[in-house]
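Quick caveat: nothing in here was measured; it's all calculated off a predicted structure. Counting begins at 1 with the first residue of the sequence.
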Amino acid sequence: MARSAEQDPIRWRLAVAVLLVQVAYWLLLSPVFQPTRRPLDRLPQTSFAVAEVPSPGWADVSAATFREVSYPWEDCCEPGYRAVRIRFDLAAIPDDGLGEVPVIGADNYETRVNGTLVFGEGRMRLPDPSYQGRAYRGINRIPGSALRIGENEIIYTLVRGDGGSGFFAARPTLGSYPALVSHFGFTRFLLNDYLWLSIVIGYLTALLAGVAWLRGGRQQYLFWLALLAGAWATSLFQGQWIDPWLRGRALVLLGGALTLLLPVAWLNLVNVWGGRPWHWVMPLSALMWLGGFVVFASGLFDDWGSIDRIVFVFNGVAALLLLWLLLREFPRVGRERMWEYAIFLLCATILLRDAVGSVTRLPNWGIATDLVLPFLLVALMSAFVARNIRLFRSQRQLSDQLETQLRARTADLERAHAREREHVRAQALDEERQRIMRDMHDGLGSNLMSMLVAARRGIAEPQQVADGIQSAIDEMRLMIDSMDSVGESLQSALAVFRERTATRLQAAGVALEWQESLAAALPARGPREVLQVFRILQEAVTNALKHADAKRIAVTVHWAGGADDAVVIAVSDDGRGMDVAGQGRGRGLLNMRSRAQSIGGELHIDDAAPGTRVTLSLPPDGGVHHEPVMDSGTGAGR
């Protein structure tokens, strides 16, 4: 019950909106587009006669035998030529001449007054006449020179091609030219300039709806609105097409297809607008359109009465279905769609009126609809845009809110990630320092303790003590250098090692050659990796000094710069080379290989005389610790 109580005010507002739209159209807008009813002095006409003529030439027309008929007169539907003669009397010739408003239906026509041509445009000859007769809706001025005192006659020569609109003539309006211009001026504007303006509005509406349909998720409402506006504008344009590339029957079929398409578009537009479309509406309406088109194309109903009855049946069925869909939708219409509903209901009543008017010949039954439809199309498009602008505005507000929250959350996550990254980095560095401290305790401490025990027992020789102390000093320097290189590139760490080694080799009288071939700066390494690299290089340099009797030691560093390219460090000397057979007896070489494996590298030894070359290959992104090294100190021999 609470829901029903909430809906009652909306239902009342909807009913008021429907009433206001109906009143605005039938009592205010529609009368504006009706012909004026002001009094007008019209010249009486004494005769109305027609004749069939063999050609539009004036000689054939003037020699034709006319027969009196009542007006309005129709002749459908064989192609050919007709002449319509109207006679009237003048007591005096007006200074401004006479004005004449013809009511003619033909592909094209000419007007002669007492044999003088006062209107004639385009082609009059079959089989290819032009269509000025369909498009011209003006006021002809009959000059005084073409008039005479007493009886005058107006002769219209009409032409109709194959598949044309047939012949039609009604009593013209004759009177003072200034009076006719004043009387029919607004009507002439509506039937000419305003009609072209309506065509432009129709095509623009179709374009906007079509673009919105393509870019807006293919909403069916926009598709049917674009089809409706485009078909209606094309049907109007077809009537104004003076020299179309479609001729005869093809042009008639185009007009019939467009006429039948309009109620189909209305029906489907309303069906999808409600949000719960009946799926049978589109196939049923398509079948209706196809059936109506087949009837038009068959040529069985070419007389105007039969065509009007077809239009009546088609529009009547579509209008009744349209009303049923709208009444079904009435309980669910919300406040934001009230005016659209009222416009749709007005369109249904107009469609029903046109269906009845096509048979009963209500006054101006077709003109008002065509002239008012631009307002309805613009109103529907405006209502749709207004409703969706509110939706887009709400979406925009929600999007802005979510974007603000996302930015704040992203900033929080970035700060948390930075803190976590710094914490992980500090923890990793602390672990590296702890490892180095353990290495110092296990390696350096063990060496010093061994020398201390040997010295206390009196078995330490001076050279052995000197070598042990030198080894301890070298190990301390390596550890200090590796810790000082934390966060720096391997290239910077090697520069520190180069400086230390150059001083030591210079004191021993050995030349150091250092060469680097790098495509980019070497990446940073952790202190443990740097320490293992230092120990491998230190071992290679120590072996060259102690066992090879070398005079020159060369160190080369090479990296191509790619993610898959290894960093290659080579230490070579010009000494005696090494004893391959005794390779496995020393622990130094085993330690070097173990250290290389612990940082993900590979060690190769080339003992081709003269000299020895030790090559260390490292992955560019840092090594992986596979297994512990066998010994933390520097070895004693190769």
Side-chain angles (χ1 to χ4, degrees), residues 34-53 56 60-62 64-90 98-115 117-120 124 132-142 146-147 150-160 164-177 179-180 183-184 187-188 191 239 302-309 357-368:
Q34 300 294 338
T36 180
R37 301 297 182 185
R38 294 196 304 268
L40 178 67
D41 290 333
R42 303 171 187 263
L43 285 176
Q45 296 156 32
T46 59
S47 174
F48 188 89
V50 298
E52 185 172 347
V53 293
D60 290 335
V61 172
S62 61
T65 301
F66 287 86
R67 56 185 177 87
E68 295 286 334
V69 296
S70 59
Y71 55 82
W73 163 81
E74 287 184 68
D75 188 1
C76 181
C77 288
E78 294 298 325
Y81 304 100
R82 303 289 188 275
V84 177
R85 186 187 66 195
I86 297 171
R87 290 176 174 171
F88 62 94
D89 293 329
L90 277 179
L98 287 180
E100 175 239 353
V101 180
V103 185
I104 296 295
D107 290 345
N108 201 1
Y109 70 94
E110 293 177 345
T111 304
R112 283 182 170 83
V113 178
N114 298 324
L117 182 67
V118 296
F119 174 80
M124 288 288 295
Q132 276 83 357
R134 298 183 181 185
Y136 177 72
R137 301 177 184 89
I139 302 173
N140 294 327
R141 182 176 181 274
I142 304 174
L147 299 171
E151 187 178 65
N152 294 262
E153 67 177 14
I154 300 175
I155 294 182
Y156 302 104
T157 306
L158 286 61
V159 61
R160 181 222 191 236
S165 57
F167 296 107
F168 175 82
R171 187 179 70 169
T173 299
L174 299 174
S176 168
Y177 181 74
L180 291 185
H183 188 84
F184 291 107
T187 302
R188 184 171 57 173
L191 298 180
D302 274 345
D303 61 285
W304 292 111
S306 298
I307 293 175
D308 287 342
R309 282 190 291 272
S358 64
V359 175
T360 61
R361 294 293 182 180
L362 292 175
N364 304 292
W365 62 273
I367 297 177

About how many Å separate [atom2] of [Y] and [atom1] of [X], when rounded to the nearest 0.5 Å?
| X | Y | atom1 | atom2 | result |
| --- | --- | --- | --- | --- |
| E153 | S62 | CD | OG | 9.5 Å |
| I154 | E100 | CD1 | CD | 5.0 Å |
| E151 | F88 | CD | CZ | 9.5 Å |

Problem set entry | N108: which of M124, R160, R134 passes side chain to side chain contact (heavy atoms under 4.5 Å, CB included) |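 With N108 as partner, M124, R160, R134 yield a single side chain to side chain contact (heavy atoms under 4.5 Å, CB included), made by M124.
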
Exercise. So, T111 side chain and V118 main chain: donor-acceptor pair closer than 3.5 Å or not?
Worked result: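 Side chain of T111 to backbone of V118, a donor-acceptor pair under 3.5 Å: no, none is there.
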
For this session: Kindly say whether P172 contributes a backbone atom to a donor-acceptor pair with the side chain of Q45 at under 3.5 angstrom?
Result: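 Checked: pair present.
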
Problem set entry | Non-neighbouring partners of L117 that pass side chain to side chain contact (heavy atoms under 4.5 Å, CB included), sequence neighbours left out |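 Once residues adjacent in sequence are excluded, the partners of L117 under the side chain to side chain contact (heavy atoms under 4.5 Å, CB included) criterion are E110, R112.
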
For this session: Using distance alone, with no hydrogens and no angle criterion, decide if T173 and R42 have a side-chain donor and acceptor under 3.5 Å apart.
Result: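 Checked: T173/R42 side chains pair up, N/O donor to acceptor below 3.5 Å.
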
If I compare all heavy atoms of [X] with all of [Y], which pair ends up nearest, and what's the gap?
| X | Y | value |
| --- | --- | --- |
| A146 | N114 | O-ND2, 2.8 Å |
| L180 | I139 | O-CD1, 3.5 Å |
| A106 | F167 | CB-CD2, 4.4 Å |
| R188 | G138 | CD-CA, 4.0 Å |
| P102 | Y109 | CG-OH, 3.4 Å |
| P56 | V61 | O-CG2, 4.0 Å |

With heavy-atom distances below 4.5 Å as the criterion, would you say the side chains of [X] and [Y] are in contact?
| X | Y | value |
| --- | --- | --- |
| R171 | V103 | no |
| L158 | F168 | no |
| I104 | F119 | no |

Problem set entry | From CA spacing to verdict: side chain to side chain contact (heavy atoms under 4.5 Å, CB included), Y177, I142 | CA-CA 8 Å; Y177 181 74; I142 304 174; over 6 Å; no

For this session: Test N152 against L98 for side chain to side chain contact (heavy atoms under 4.5 Å, CB included), laying out the working first.
Result: CA-CA 12 Å; N152 294 262; L98 287 180; over 6 Å; no

Would you say [atom1] of [X] has more than 12 non-hydrogen atoms from neighbouring residues, nucleotides or ligands within 6.0 angstrom?
| X | atom1 | result |
| --- | --- | --- |
| F66 | CZ | yes |
| E78 | CD | no |
| E52 | CD | no |

Problem set entry | Step-by-step side chain to side chain contact (heavy atoms under 4.5 Å, CB included) determination, E68 to R85 | CA-CA 9 Å; E68 295 286 334; R85 186 187 66 195; 3.9 Å; yes

